[in-house]
Protein chains: 2
Amino acid sequence: MSEMQLRDALDSLKGTGVRITPQRHAILEFLVGSMSHPTADDIYKALEGKFPNMSVATVYNNLRVFREVGLVKELTYGDSSSRFDFVTTDHYHAICQECGKIVDFHYPGLDEVEHLASHVTGFRVNNHRMEVYGVCQDCGTKKEAH
Amino acid sequence: MSEMQLRDALDSLKGTGVRITPQRHAILEFLVGSMSHPTADDIYKALEGKFPNMSVATVYNNLRVFREVGLVKELTYGDSSSRFDFVTTDHYHAICQECGKIVDFHYPGLDEVEHLASHVTGFRVNNHRMEVYGVCQDCGTKKEAH
DNA sequence: ACACTATTTATAAAGATTATAAAGAAAGAC
DNA sequence: GTCTTTCTTTATAATCTTTATAAATAGTGT
C-alpha cells in the first residue's frame, strides 16, 4: 500500500524532470512510512545509518523540491522547526500543546470557507490549512494522576 | 475606538500584575493601530525613533508576555518570521502567496470541527487555527497585465 | 522618597535554514 | 557501455530568528 504511494511519488518526480537519487528515494520512503510528521533533523538522523555522509542541506533541499512538486506539505508549528507531511488524502491536524504530538483527522468540505473568504477578501483562493490545538489523551491522563 | 482597545489591554495587563513600561505601552499601541500583522523586527524598527536604545530582546520578551496573557496571537507563516496579531474578535486570515499580505475575514462557528476532532482523536481541544492561501487582487491583476 | 522586584539593555549563544563552490552522479545521446 | 551535460550532493560558512545571561534601570505599593 505504501509501496504504491512511494512508486507514484517517484513517477511523479520523474514526470517533472526531477532526478531520482538514492538520497531522494530514501527521504521519500521515510516520509511515506512515517506517521509522525518528522522534522528535517528527524529525517537527517533517521538516515544517518544508510547515508553516513549525507549533508543536512540535502535534506532541506529535497524537502523543498518535494514541496514545490506538491508531494509534501510543510507544517510550521509555533516556535520550533517545521514538520513535513507526505501528502495523501486531505486531512487536518490535531496538535498536542503538551507533548507536540500530531494526530490526523478527517473533516468534510471546508470548501465553503474558501468561497466565503474569496468573496470577502477578493483573493483567488488556492487552498487552506486548519489545525486544532489541545491536549492529547496521554498528557490528559498524566495530569490527573497525582 | 482603538483608543479603547489600548486602554482595555493596559487594564488587562495591570490586572494580571504585569508592569506597564513605556516600551510595553508603545508596542501595544503599535499593534493595536497596525492592520499589517507585523513581525517582531517590524515592531523593533517602527519604534526605533521613539526608543533608540530599545533591545530586540525587549520586543520578543513583551510579545511573549502579551501572548501568555492572551492579548496577542502569534502567527507562524511558512519560512520567515512569526507575525503578531492583536486579538480583537475571532477572525481568520487570508494569506497572499505572492506578496505575503495578510487580510482578515470572519466566518461563523467552526466549533463543530473542534467537537469532531475531539471525538475522533481523544484530544481535549482548546482552540483552532485556520488560514486560506491564495493570490490577492493586487497580485492577480499585476500578472494579467503583460 | 524607599525598597522590592520586575524589566530593560547589551551581548552572546543557540537553533534552524540557506548560500556557495567544488566534487560527484543521473539520464539521455551515441 | 561510454560520454557528456546538467543537476545534485557534500562540506562549510553564513544568515536569520529567537532565546539566555547578567548587570543596570525603572515600576509599583507603601
Side-chain angles (χ1 to χ4, degrees), chain A residues 9-30 37-69 71-84 100, chain B residues 9-30 37-69 71-84 100:
Chain A
L10 291 172
D11 286 351
S12 159
L13 278 183
K14 258 188 190 160
T16 55
V18 175
R19 291 184 185 167
I20 313 294
T21 67
Q23 292 89 337
R24 283 185 178 153
H25 192 119
I27 294 174
L28 266 184
E29 191 174 23
F30 182 76
H37 311 82
T39 65
D41 198 56
D42 291 340
I43 299 171
Y44 177 62
K45 289 212 172 67
L47 300 181
E48 224 168 21
K50 237 187 246 175
F51 298 89
N53 293 325
M54 186 168 62
S55 169
V56 220
T58 299
V59 177
Y60 279 101
N61 284 340
N62 289 328
L63 287 172
R64 175 153 33 84
V65 170
F66 298 159
R67 188 190 51 199
E68 284 168 0
V69 175
L71 285 177
V72 159
K73 268 198 183 161
E74 181 173 358
L75 315 170
T76 58
Y77 170 52
D79 331 5
S80 55
S81 356
S82 288
R83 288 157 168 282
F84 295 87
Chain B
L10 291 172
D11 286 352
S12 158
L13 278 183
K14 257 189 189 158
T16 55
V18 174
R19 292 185 184 166
I20 313 294
T21 67
Q23 293 89 338
R24 283 185 179 153
H25 191 118
I27 294 173
L28 267 183
E29 192 174 21
F30 182 76
H37 310 81
T39 65
D41 199 56
D42 290 339
I43 299 172
Y44 178 61
K45 289 213 172 67
L47 301 181
E48 223 167 23
K50 238 187 244 174
F51 299 89
N53 293 326
M54 185 167 62
S55 168
V56 220
T58 300
V59 177
Y60 280 101
N61 285 340
N62 289 327
L63 287 172
R64 174 152 35 85
V65 170
F66 297 159
R67 189 189 51 198
E68 284 168 0
V69 175
L71 284 176
V72 158
K73 267 198 182 159
E74 182 172 358
L75 314 170
T76 58
Y77 170 51
D79 331 5
S80 55
S81 359
S82 288
R83 290 158 168 281
F84 295 88

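Lettering of chains follows the sequences in order, A, B, ..., and the numbering in each one begins at 1.
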In whole Å, I'd like the distance from the [atom1] atom of [X] to the [atom2] atom of [N].
X       : N      : atom1 : atom2 : result
B:Leu47 : C:dT9  : CG    : P     : 11 Å
B:Asn61 : D:dG27 : CG    : C1'   : 16 Å
B:Asp11 : D:dT28 : CG    : C1'   : 16 Å
A:Leu75 : C:dA16 : CG    : P     : 16 Å
B:Lys45 : D:dC16 : NZ    : C1'   : 11 Å
B:Leu63 : D:dT19 : CG    : C1'   : 13 Å
B:Leu13 : D:dG27 : CG    : C1'   : 13 Å
A:Phe51 : D:dA11 : CZ    : P     : 13 Å

Report yes if a side-chain nitrogen or oxygen of [X] is closer than 4.0 Å to either non-bridging phosphate oxygen (OP1 or OP2) of [N]; otherwise report no.
X       : N      : result
A:Tyr60 : C:dT17 : yes
B:Asn62 : C:dT8  : yes
B:Gln23 : D:dA26 : no
A:Arg24 : D:dC7  : no
B:Ser81 : D:dC16 : no

Between A:Arg24 and A:Asn62, is there a donor-acceptor pair closer than 3.5 Å when you use the side chain of the first and the backbone of the second? no
Backbone N or O of B:Thr76 within a donor-acceptor pair of the A:Thr76 side chain at under 3.5 Å? yes
At their closest point, which heavy atom of [X] faces which heavy atom of [Y], and how far apart are they?
X       : Y       : result
A:Phe66 : A:Ile27 : CE1-CG2, 3.8 Å
B:Arg83 : B:His37 : NH1-O, 2.8 Å
B:Tyr44 : B:Met54 : CE1-O, 3.2 Å

Looking at C:dA26, does its base get a donor-acceptor pair with the side chain of A:Thr21 below 3.5 Å? no
Residue [X], side-chain atoms from C-beta onward, closest of [options]:
X       : options                : value
B:Ser55 : D:dT10, C:dT17, C:dT9  : C:dT9
B:Ala57 : D:dT10, C:dA16, C:dA10 : C:dA10
A:Ile20 : D:dT10, C:dT18, C:dA27 : C:dA27
B:Thr58 : C:dA6, C:dT17, C:dT9   : C:dT9

Given that B:Lys14 and B:Phe84 both sit by DNA chain D, which one's nearest nucleotide is further toward the 5' end?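 First, find each residue's nearest nucleotide; the 5'-ward one identifies B:Phe84.
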Taking the nucleotide of DNA chain D with the nearest heavy atom to each, does B:Thr39 or B:Arg19 sit closer to the 5' end? B:Thr39
Show, in sequence, the C-alpha distance, side-chain angles and deciding distance for A:Phe51 and A:Thr58, and conclude whether the side chain to side chain contact (heavy atoms under 4.5 Å, CB included) test is met. CA-CA 11 Å; A:Phe51 298 89; A:Thr58 299; over 6 Å; no
So B:Val56, base contact, sugar-phosphate only, or nothing? Heavy-atom distance under 4.0 Å. nothing
